[in-house]
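Below: the structure, in structure tokens.
When reading the values below, keep in mind they use all heavy atoms of this one structure, side chains included, and skip hydrogens, waters and symmetry mates. Chain naming here is simple, since letters A, B, ... match the order of the sequence lines and numbering starts at 1 in each.
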Number of protein chains: 4
Amino acid sequence: MTRPQPDSQKPKRRKAARPGEIIEAGLQEFATKGLAAARLEDIAKRAGIAKGTIYRYFDSKEELFMAVVRSRVVLSLDQFEETVANFPGKTDALLKLVLTHFYKQFVGNEISGVIRILIVEGPRFPDLVELYHREVTSKGVTILSHIIKRGIERGEIRDGPAAREPRLIMAPTIMAVLWGLTFQAQDPIDIEQYLNAHIDMILHGLSA
Amino acid sequence: MTRPQPDSQKPKRRKAARPGEIIEAGLQEFATKGLAAARLEDIAKRAGIAKGTIYRYFDSKEELFMAVVRSRVVLSLDQFEETVANFPGKTDALLKLVLTHFYKQFVGNEISGVIRILIVEGPRFPDLVELYHREVTSKGVTILSHIIKRGIERGEIRDGPAAREPRLIMAPTIMAVLWGLTFQAQDPIDIEQYLNAHIDMILHGLSA
Amino acid sequence: MTRPQPDSQKPKRRKAARPGEIIEAGLQEFATKGLAAARLEDIAKRAGIAKGTIYRYFDSKEELFMAVVRSRVVLSLDQFEETVANFPGKTDALLKLVLTHFYKQFVGNEISGVIRILIVEGPRFPDLVELYHREVTSKGVTILSHIIKRGIERGEIRDGPAAREPRLIMAPTIMAVLWGLTFQAQDPIDIEQYLNAHIDMILHGLSA
Amino acid sequence: MTRPQPDSQKPKRRKAARPGEIIEAGLQEFATKGLAAARLEDIAKRAGIAKGTIYRYFDSKEELFMAVVRSRVVLSLDQFEETVANFPGKTDALLKLVLTHFYKQFVGNEISGVIRILIVEGPRFPDLVELYHREVTSKGVTILSHIIKRGIERGEIRDGPAAREPRLIMAPTIMAVLWGLTFQAQDPIDIEQYLNAHIDMILHGLSA
DNA sequence: AATGAATGAGGCTTCATTCAT
DNA sequence: AATGAATGAAGCCTCATTCAT
């Protein structure tokens, strides 16, 4: 994505950026149409290159597809572990912080395209699913688990059935993502209000 | 799947059942592979007929696809309106009843295949999305809204932000469906425990 | 090659003959142009069918290629074993008989196309080479060996170095085949005269 | 193959030798794979240069191909005319000398690759065929004809049918070349023994 | 009505050739 | 002169659709 402008006056070529641009174009097409329906010609056109050029960087359509998914797996959740560990305030403030971040990461973002891709093509690419689960999903769940544990220790979270399913806390986020991908036209979500309601629900749902 | 034998003497063919069997087979293939990657030949084989026969009942692959989605749109939610309207007990019992029903309808069921289909192919078939939203999604939301309204009137539900987003109540169900479709191998969901946690969360999250 | 005319008035279709016709067309194209340069479209056109039809009978271009070679491997040499074993006359008559037959089989015949194919594509298809060697070449050599052995026993063939290399006896045949494929325009072979010279040479070369 | 170091101080590049090295590399690839299947990239790699550099020396793949064939057409047969004209000894010694030389020239040598090339691609390159015939084949035949004529005059060769087909004398050589290219794995030729048998056969086959 | 062989458009992939550096 | 990235024409192959039986 970073395009180092060469110091020439004509920034026509940016060789080093090619693979990234192809991946970018591929993400758009794959996310919209799926693996089979996306055409390499369209991806090339979108990347501003010729069809054959893709093959200089990726061995096949499938390889490009996998590269696209992998490229968006690197989620900046790692920093959050620290944030959560050192957070000084109350659980509701922490939850607000984390959930807000999740929304920014996912909703209306290109990450939602990756999620759509995984839902559909997952069965044919178990490696990608496994990768995504390991690097993104399970990390998110772990963070939520830590928040819950911390909240229980602080006496702010009720140690009941809901506290044992951290995935429940993400559920509204995931649904918002998919709702946006699917029913946006019929029934849009007001993200701000939805996020507030989400936090409100979780805080009361878990509070001691 | 049940094949009612016609009272003819030669029970080898049941013409009337053909379209349904093709739709059934199509659902399996489309849900697993998506519209583009599913092959009519495989659908035919699964339905126990020849490829050309599909065209006796459907004009094209897309027509079959739409028929498949439409066939699963008829959700038995209508009855619930009445149930909710006449329910004598407390809100938590009513919620338990409805959510349990939702899980039975969706999770691990072929409906989840339709949901997957819609998530992916939705952009190319806005009519189907609109249909599904109108017939299924919005009906479900309406039912939940009524439950919430009823709960507030009965003083059992807190009239806060969470009460204004009935979609929040379904979110864990949707997530369970997609989680099952995607991460089942890596990280299965114990549906019973998850449902209990879900209800626990909602009841506390909404309770007055 | 045999085309059983259906008893319909329009002999438009001969399903059973299709694979044979494709192989026939493939032989022409492969023999003339080689595997890589032959185009499936041309083969189809030559066979009077559409490109895709080839794939109903053969999985790939390579499979067709192998089928083409295999189809011409069945050489009617087996009968000769008997002929040689029971031949009543002198060695020169027997040799004349066998060599004449070899010429009829190879020279100017489509078998020469197969030989050309094998010479070029052999390295990539060791199985075909092995098959051809086993079914055709080694059988021919065996027959010649038997003739030599019989001639020595009858005192008609000199038991010298030449008698120990039966391949020498076929050599002029092979060369005639390749000469015909290559230098026919510049320097044609008068097959009749060449065959006579060949026999003359061998008989004297081997005679006691 | 010998790379004469230019007297420049930087011996890393020897431009003058480039075309020859490309031709050398091309011969290997074309002989092994044929014109269509050989890849310029592989030829370049084998020559230790970049793909584009080939076009500095040859206009197209076909031009390179023709150059490859032409480069191996220059056969040192000319000297033999003299040798034969002035040979003092008997015909069998002369034949032995010439045939031995033929074997050295052809068998197991890269010339066999050229022969393979011509057999396959000949129809598309009549000029090359004509060239090869004129410069190599017909010269060889002429030499053999002279030997035969000389032998007849000396009363050492029988003036029969075999004497009128000098190509017969080369046939075992050609066959040995092709056998080596094709059936070497299944059924190798012991060249020494084969050559002896060949000479034995010819001498007796032609002797008066 | 059913079949499945045949068609041919469309998309992936290769690679000779070009071209900017 | 050399490089190797980029191009795009061409060919293999798939599969939705048609059609003769």
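Between B:Y57 and E:dA2 there is a side-chain N or O to OP1 or OP2 distance below 4.0 Å. Residue C:K61 places at least one side-chain N or O closer than 4.0 Å to OP1 or OP2 of F:dC12. Distances shown here put a side-chain N or O of B:R18 below 4.0 Å from the OP1 or OP2 atom of E:dA2.
Note: CD1 (D:I54) to C1' (E:dA16) measures 10 Å, nearest angstrom. The interatomic distance linking C:F65 (CZ) with F:dC13 (C1') rounds to 19 Å, in whole Å. Rounding to whole angstrom units, OH of residue C:Y55 and P of F:dC12 are separated by 7 Å. The interatomic distance linking D:L40 (CG) with F:dT3 (P) rounds to 15 Å, in whole Å. In this structure, the NZ atom of D:K45 is 11 Å from the P atom of F:dG4, given to the nearest Å. For the pair B:R39 CZ and F:dT17 P, the interatomic distance rounds to 14 Å; values are reported in whole Å. Remark: P of F:dC12 and CG of C:D42 are 9 Å apart, rounded to the nearest angstrom. Separating the CZ atom of B:F30 from the P atom of F:dA16 is a distance of 9 Å, rounded to the nearest angstrom.
Within 4.0 Å (heavy atoms only), C:A38 reaches sugar-phosphate atoms of the nucleic acid but no base atom.
Pairing for E:dG8 is with F:dC15, a Watson-Crick or G-U wobble pair whose two hydrogen-bonding atom distances lie under 3.5 Å. Under the Watson-Crick or G-U wobble criterion, with both distances below 3.5 Å, E:dA1 has no partner in any strand shown. Base pairing of E:dT13 is made with F:dA10, judged by Watson-Crick or G-U wobble geometry with both donor-acceptor distances under 3.5 Å.
By the 4.5 Å heavy-atom criterion applied to side chains, B:L64 and B:Y57 are not counted as neighbours.
Residue C:A50 is the one, among D:S60 and C:A50, whose nearest nucleotide of DNA chain E lies closer to the 5' end (criterion: closest heavy atom). Mapping B:L35 and A:R56 onto DNA chain F by nearest heavy atom places A:R56 closer to the 5' end of the strand. A residue-by-residue look at B:T53 and A:E41 shows that B:T53 has its nearest nucleotide of DNA chain E further toward the 5' end. Of the two residues contacting DNA chain F, namely A:G52 and B:G52, the nearest-nucleotide position lying further toward the 5' end is that of A:G52.
By the 4.0 Å N-to-carboxylate-O rule, C:K33 lies too far from D:E121 to be salt-bridged with it. Note on A:R72 versus A:E110: salt bridge recorded, some NZ/NE/NH1/NH2 to OD/OE distance being below 4.0 Å. Looking at A:E24 and A:R46, no side-chain N of the basic residue comes within less than 4.0 Å of a carboxylate O on the acidic one, giving no salt bridge.
Remark: the D:K51 side chain and the E:dT17 base include a donor-acceptor N/O pair separated by less than 3.5 Å.
Between C:F125 and C:F65, the ring planes lie tilted relative to each other; the angle falls in the 30° to 60° range.
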